[in-house]
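First the structure, in the form of structure tokens, and then the observations on it.
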There are 2 protein chains.
Amino acid sequence: MSPSHIHVPTDCRTVTEILSRVGDKWSVQVVVQLGDSPKRFNELRRLVSGISQRMLTLTLRGLERDGLVTRTVYPTIPPRVDYQLTGLGCSLLKTVRGLGDWAIQNRDEILRARRRFDAAGDELDRQQSDAA
Amino acid sequence: MSPSHIHVPTDCRTVTEILSRVGDKWSVQVVVQLGDSPKRFNELRRLVSGISQRMLTLTLRGLERDGLVTRTVYPTIPPRVDYQLTGLGCSLLKTVRGLGDWAIQNRDEILRARRRFDAAGDELDRQQSDAA
DNA sequence: CCGGATCCATAGTGATACTG
DNA sequence: CAGTATCACTATGGATCCGG
């Protein structure tokens with residue numbers, strides 16, 4: 001069955017580490033783009049709009065290091081490098097989609113909660129102004 | 001069916017934003033601890049070992065703002081404050097467990113990939129030293 | 001007991017210029 | 001085309017002191 005209820009320190013550290021990967025600014029977006037098919041460096045750069053060359057490089061290195069993508073160099077002129085998801089990467093993508101669906105489904109409720117919270121904060125600020 | 005295949009910009013921004021929450025250093029750990037039962041501030045502080053007072057405060061405020069936890073103040077002496085998961089928070093916890101299970105199941109494979117990658121890097125470094 | 005305010009070190013990110 | 005190198009900036013997180 002599910003090992004979710006086991007909370008030994010080792011598991012916690014592992015999970016936290018993985019969540020950092022998933023939570024970093026670019027990794028998931030890159031993985032999603034690679035989900036359809038392998039892609040070249042500048043192809044990714046165009047698809048993940050807003051990413052800098054440097055961050056794309058760093059993100060891809062990190063994913064490669066963790067065995068989530070493979071990097072294939074064709075020694076042609078001009079050089080060509082393909083990135084593609086490994087089996088591990090594909091399985092991560094599937095899992096992450098669960099979270100993505102949750103986010104989309106609960107987006108409105110979260111935004112409402114934020115507005116409510118921020119409005120309450122403003123009200124407190126006004127009360128403090130009155131007291132002063 | 002699943003909306004996973006929809007990739008309009010709005011959804012991407014939303015998903016990225018939620019993923020940042022999940023990926024930040026403490027939010028998930030706090031949510032997990034609140035999964036069993038409501039807890040007090042210093043109770044949480046002991047359970048989430050390593051967290052500073054400041055970060056626990058900030059993390060709880062963020063979760064409260066997004067409607068994931070509620071904050072209940074009992075105006076006693078000394079003061080007592082309880083935090084507890086909302087329905088939204090519970091559903092997030094369930095979803096996140098999927099990722100946690102994935103992390104635990106694939107932990108070894110990721111660690112192996114890392115060792116392989118780092119070893120290859122060291123080898124390249126040696127070759128460069130030889131050339132110099 | 002709860003948490004706000006401040007100071008500081010560090011890590012993540014971006015812009016730019018340069019290389020094979 | 002696919003990177004590397006450098007610099008500057010900002011966000012994040014920890015330590016500490018203070019207050020209701």
Side-chain angles (χ1 to χ4, degrees), chain A residues 13 16-17 19-30 33-34 38-65 69-84 117 120-121 124-125 127-128 131-132, chain B residues 13 16-17 19-30 33-34 38-65 69-84 117 120-121 124-125 127-128 131-132:
Chain A
R13 281 199 305 273
T16 298
E17 202 177 340
L19 288 178
S20 311
R21 273 238 85 74
V22 168
D24 89 12
K25 201 172 176 182
W26 304 110
S27 289
V28 167
Q29 291 186 64
V30 169
Q33 294 302 336
L34 289 177
K39 296 207 164 41
R40 303 181 53 173
F41 186 89
N42 277 349
E43 206 173 348
L44 279 172
R45 196 179 171 189
R46 279 188 300 274
L47 288 168
V48 182
S49 71
I51 195 171
S52 66
Q53 192 177 39
R54 169 190 160 82
M55 288 317 297
L56 181 54
T57 299
L58 291 180
T59 301
L60 286 168
R61 285 288 174 284
L63 294 173
E64 190 193 356
R65 183 169 115 98
V69 309
T70 57
R71 178 173 181 271
T72 312
V73 181
Y74 302 95
T76 57
I77 307 282
R80 174 197 175 102
V81 183
D82 272 24
Y83 294 91
Q84 101 178 275
F117 186 90
L124 280 179
D125 289 348
Q127 289 176 10
Q128 288 180 354
Chain B
R13 281 200 305 274
T16 298
E17 201 177 342
L19 256 41
S20 312
R21 273 237 84 76
V22 168
D24 87 13
K25 200 172 176 183
W26 304 110
S27 289
V28 167
Q29 290 186 64
V30 169
Q33 294 301 337
L34 289 178
K39 295 200 165 43
R40 303 181 51 175
F41 186 87
N42 277 350
E43 206 173 347
L44 278 172
R45 195 178 170 188
R46 281 187 300 274
L47 288 168
V48 183
S49 71
I51 195 170
S52 66
Q53 192 179 39
R54 168 191 159 82
M55 288 317 297
L56 182 53
T57 300
L58 290 181
T59 301
L60 286 168
R61 285 290 172 284
L63 294 173
E64 191 193 356
R65 183 169 114 98
V69 310
T70 58
R71 177 173 182 271
T72 312
V73 181
Y74 301 95
T76 58
I77 305 283
R80 174 198 175 103
V81 183
D82 273 23
Y83 294 92
Q84 103 177 274
F117 186 90
L124 279 179
D125 289 347
Q127 291 176 8
Q128 288 179 354

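Bear in mind that the values here come from a model prediction, so they are computed numbers and not experimental data. Within every chain, numbering begins at 1; the chains are lettered A, B, ... in the order of the sequence lines, protein sequences first and strands thereafter. Just so it is clear, the values below take in all heavy atoms, side chains as well, and ignore hydrogens, waters and symmetry mates.
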Taking all atoms of both residues into account, what is the closest heavy-atom pair of [X] and [Y], and its distance?
X	Y	answer
B:R21	B:L63	NH2-N, 3.8 Å
A:V22	A:V28	O-CG2, 3.2 Å
B:L34	B:Y83	CD2-O, 3.4 Å
B:D82	B:R80	OD1-NE, 3.3 Å
A:V48	A:I51	O-CG2, 3.1 Å

When we call it a touch if two heavy atoms are under 4.0 Å apart, what does B:Y74 touch: a base, just sugar-phosphate, or nothing?
->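 Nothing, no heavy atom under 4.0 Å.
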Main-chain N/O of B:T16 paired with B:S20 side-chain donor or acceptor, under 3.5 Å =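 Such a contact is found between B:S20 side chain and B:T16 backbone.
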Which nucleotide span of DNA chain D, 5' end to 3' end, has atoms closer than 4.0 Å to non-hydrogen atoms of chain B?
->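 So the outermost contacting nucleotides come out as D:dG13 to D:dG20.
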Residue pair B:L58 / B:W26, side-chain heavy-atom distance below 4.5 Å |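 Not touching, per the 4.5 Å side-chain cut-off.
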Would you mind reporting whether A:V73 and A:R71 have side-chain heavy atoms less than 4.5 Å apart?
->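 With C-beta onward as the side chain, the pair touches.
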Base-contact (B) and sugar-phosphate-only (S) positions in nucleotides 6-20 of chain C, heavy-atom cut-off under 4.0 Å, - elsewhere | B------BBB-B--B
